[in-house]
Amino acid sequence: MKKHIYICLALLSISISQAQNSLKDIDLITTDIKPTKVDKLDSDSYLIDFGKAFFGTVQLSSTIGQADSLVINLGEKLNDDNRIDRDPGGTIRYQKVVLKNLPAKQKIKVKLTPDKRNSTGAAILLPDSIGVVMPFRYCEIENLKIPFKELSIHQRALHNKFNDNASSFSSSNKILDSIWQLCKHTIKATSFTGLYVDGDRERIPYEADAYINQLSHYSVDSLYNMARRTNAYFIENPTWPTEWLLHTVPMFYTDYMYTGDLKPLQDHYENLKLKTLMDLEREDGLISSSSPHLNKELIEKLGFKKPNTKIKDIIDWPPAQKDTGWKLATAEGERDGYEIVPVNTVVNSFYYYNLKLMAEIAGFLDKNEDAILFKKKANTVKETINTKLFNKEKGYYIDGEGSAHSSLHANMMPLAFGIVPNEHITSVTDFIKTRGMACSVYGAQYLLEGLYLSNEAQYALDLITETKGDRTWWNMIQVGATMTMEAWDVKYKPNADWNHAWGTPPLNITTRYMWGIKPKTPGFKVAEIQPQLANLMYSNIKVPTKHGAIIANFKKDKNNSHYTIEIPDNMSTEFTVPPNNLKGRHNGKKIKPSQKIIMLKSGVHSIDLKQ
């Protein structure tokens, strides 16, 4: 059973700006989920498994009453004794509720105690009509004096409107399939506030979290209001990391490419210019968060309520043990030993990408002088990065101006953003491949993007599907999480949670890079498909767009590859022929050996390629 709850934005949080009031009301849904398994633990205790964690609570009723108290335990994690872990560590959730009695033939919604941190301050608040929710998969009932068969119990899951059938994926690699499903469920389950929030610990939108959330959400559903609502929130509610501010332009750009709606770009163009941090630029084009131009006036223009807010470079999260005081498994945190200097490579790589996108945005809005200006600035920044922040002797990038250290991050960001000259791609990727997964689940987004953009599809797929060690998505599944985790493991971030959508890079990477399905022009009027399926023997995917779903199937047989692709109405698609294909046929007609792009109109297409 599903119940639609329409909530005005004003009820969500007083911190959401008036600029959002023109958006449609948030469409939250409560879904009642039946148990997938029930285990009897002892004479009066039962463990109920709902299969996957959702944010919500439990609702139960009984045909006969119980006068004695009933103990309800909810949690995300089991211990080794097959009981709910009462001390799960990190920010993995557990809560105990005691019901005084259980009246007969009445629906009882278990009332939970709110967590102070995620229900005050800047947290996105749920209205009283919904009540308190928490993430949980398991329910353990103790002191049940009546037969369990008399009970009816459901997980009441709260989430934003979501079309489960809008997308699908399968392949010859079952590890990849499991990780894709883990990520897809994460996108649905973490939508419980109607905005993209970081996770249950804070329930606050952060730009980097929201961007990965957006990319993954757009890869599995064609409902865009939640992302647009979150984008608008950031205009007046930015967060402190330098690179998080530099995610704002990519979020607005991505929305326009998927929706074709110019209004958000028109409404917020001047603010987006500010969010590029171009005011911090020095003569050679590079920027620094220690610039004297980052004064109180600029802080206020950027949208911060406190003019004394300090903008700091984050690189990755968590930082080194010396910076946090946390006891970490790796003392250097998730930064791969990055040496943070005033003018650093990661921040300026993001800056270049912002300028590149702003040149396109200005063009979309017919602001031709600005388009020329941003393009010129982007070229200058790219040239300076490759002149001042590149170690020519070693063939890869240093962490920043004056640094002698080279990290994974200082190289994967230039690679992901198209900064690396063709002649240095091999040396940069060779260095990157020596570092493994030396970044967080957030950093993995850019590591994987850079690899696919540099024809390293097999290595990227190997990273996604790695089963050894704990710095893997497979480890998340093995420890029992049903949503992606905030960090690879709690030992890498002591307060990590089990419900963080920034851990979903494999989902959007599979769609946007492995299959290469993205909008070529705004609004998906023209799509692109650039498959890099590595050693997969077959794969099937369904990708939602505003015009309908792109459905693609792939099967490899010895030296032959066969694609069947269905393009919806009102759309055409550029299919890029994978390299090393000597000849082929499109709908039975020969493809010219020199032909790199096949134009696909609406309808079903058959493409046969031979290596």
Side-chain angles (χ1 to χ4, degrees), residues 166-169 211 214-222 224 250 253-261 353 356-357 359-361 363-364 415-418 445-446 448-457 460-461 505-534 536 539-554 561-581 584 586-587 591-592 594-609:
S167 63
S168 62
F169 176 79
Y211 179 57
Q214 176 192 33
L215 292 176
S216 293
H217 193 180
Y218 285 9
S219 295
V220 293
D221 206 348
S222 55
Y224 306 121
Y253 176 85
T254 299
D255 177 75
Y256 178 57
M257 292 302 292
Y258 276 79
T259 68
D261 184 357
Y353 190 54
K356 182 174 178 291
L357 296 185
E360 291 190 52
I361 289 171
F364 296 148
L415 195 66
F417 297 141
Q445 175 72 40
Y446 297 104
L448 294 171
E449 284 189 21
L451 291 170
Y452 275 103
L453 289 169
S454 306
N455 299 313
E456 292 286 351
L461 177 58
L507 177 57
N508 70 74
I509 292 292
T510 298
T511 299
R512 292 167 53 85
Y513 291 95
M514 188 183 299
W515 261 101
I517 300 175
K518 292 187 284 188
K520 178 77 173 181
T521 63
F524 253 120
K525 191 68 176 177
V526 179
E528 63 182 28
I529 302 178
Q530 300 185 39
Q532 297 186 69
L533 298 168
L536 294 181
S539 179
N540 308 302
I541 194 167
K542 181 180 181 182
V543 180
T545 79
K546 60 178 292 187
H547 303 292
I550 296 173
I551 301 173
N553 305 292
F554 162 79
S561 296
H562 177 72
Y563 296 85
T564 303
I565 301 172
E566 183 177 349
I567 306 300
D569 293 339
N570 302 313
M571 181 192 293
S572 61
T573 300
E574 293 184 4
F575 178 90
T576 300
V577 178
N580 302 322
N581 287 282
H586 171 217
N587 291 341
I591 301 169
K592 295 179 181 179
S594 61
Q595 191 172 354
K596 304 298 183 184
I597 302 290
I598 302 173
M599 290 303 302
L600 310 180
K601 297 181 180 179
S602 299
V604 179
H605 298 263
S606 176
I607 300 173
D608 292 285
L609 302 173

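Every value quoted in this text rests on a predicted model; they were computed, and no experiment measured them.
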- For a ring-ring contact (aromatic ring centres under 6.0 Å, His included) with Y446, tell me which candidate from Y353, Y452, F417 qualifies. F417
- Message: What I'd like to find out is whether the side chain of T576 reaches to under 4.5 Å of the side chain of I597, using heavy atoms alone.
- Response: yes
- Item | Donor-acceptor contact below 3.5 Å, side chain K546 vs main chain T259 | yes
- Query: Quick one: does H547's side chain have a donor or acceptor within less than 3.5 Å of a partner on G523's backbone?
  - Reply: yes
- Nearest-0.5 Å distance, CD1 of residue I551 to CG of residue N540: 10.5 Å
- Query: Does K518 make a cation-pi contact with Y513, if we ask for NZ or CZ under 6.0 Å from the ring centre and within 45° of the axis?
  - Reply: yes
- Message: Can you tell me how far apart CD1 (I517) and CZ (F575) are? Round to the nearest 0.5 Å.
- Response: 10.0 Å
- To the nearest 0.5 Å, atom CZ of R512 lies from atom CD of Q530 at 11.5 Å
- Item | Close side-chain approach of H605 and N587, heavy atoms under 4.5 Å | yes
- Quick one: CD1 on I361 to CE on M257, what's the gap to the nearest 0.5 Å? 10.5 Å
- Message: Which label fits W515 and F554: parallel for a plane angle under 30°, tilted from 30 to 60°, or perpendicular past 60°?
- Response: perpendicular
- Item | Any side-chain donor near an acceptor of the partner, D255 and Y218, under 3.5 Å | yes
- Can you name the side-chain contact (heavy atoms from CB on, under 4.5 Å) partners of S168, sequence neighbours left out? K542
- Can you measure from CD1 (I541) to CD1 (I529) and round to the nearest 0.5 angstrom? 9.5 Å
- Message: Between S572 and V526 (side chain of the first, backbone of the second, donor and acceptor by atom type, cut-off under 3.5 Å), is there such a pair?
- Response: no
- Message: Quick one, N570 and F524 - any side-chain contact, counting heavy atoms below 4.5 Å?
- Response: no
- Query: What residues form a salt bridge (Lys or Arg N to Asp or Glu O under 4.0 Å) with E456, not counting sequence neighbours?
  - Reply: K433
- Contacts of type salt bridge (Lys or Arg N to Asp or Glu O under 4.0 Å), residue E566, not counting sequence neighbours: none
- Task: Go through the steps for I607 and H586 under the test side-chain contact (heavy atoms from CB on, under 4.5 Å), then give the verdict.
- Result: CA-CA 5 Å; I607 300 173; H586 171 217; 4.0 Å; yes
- Item | I509 side chain reached by E449 side chain, heavy atoms, under 4.5 Å | yes
- Item | Rounded distance [0.5 Å steps], OG in S222 versus NE2 in H217 | 8.5 Å
- Counting N and O atoms only, with roles assigned by atom type, does the side chain of S167 sit under 3.5 Å from a partner on the main chain of V543, one being a donor and the other an acceptor? no
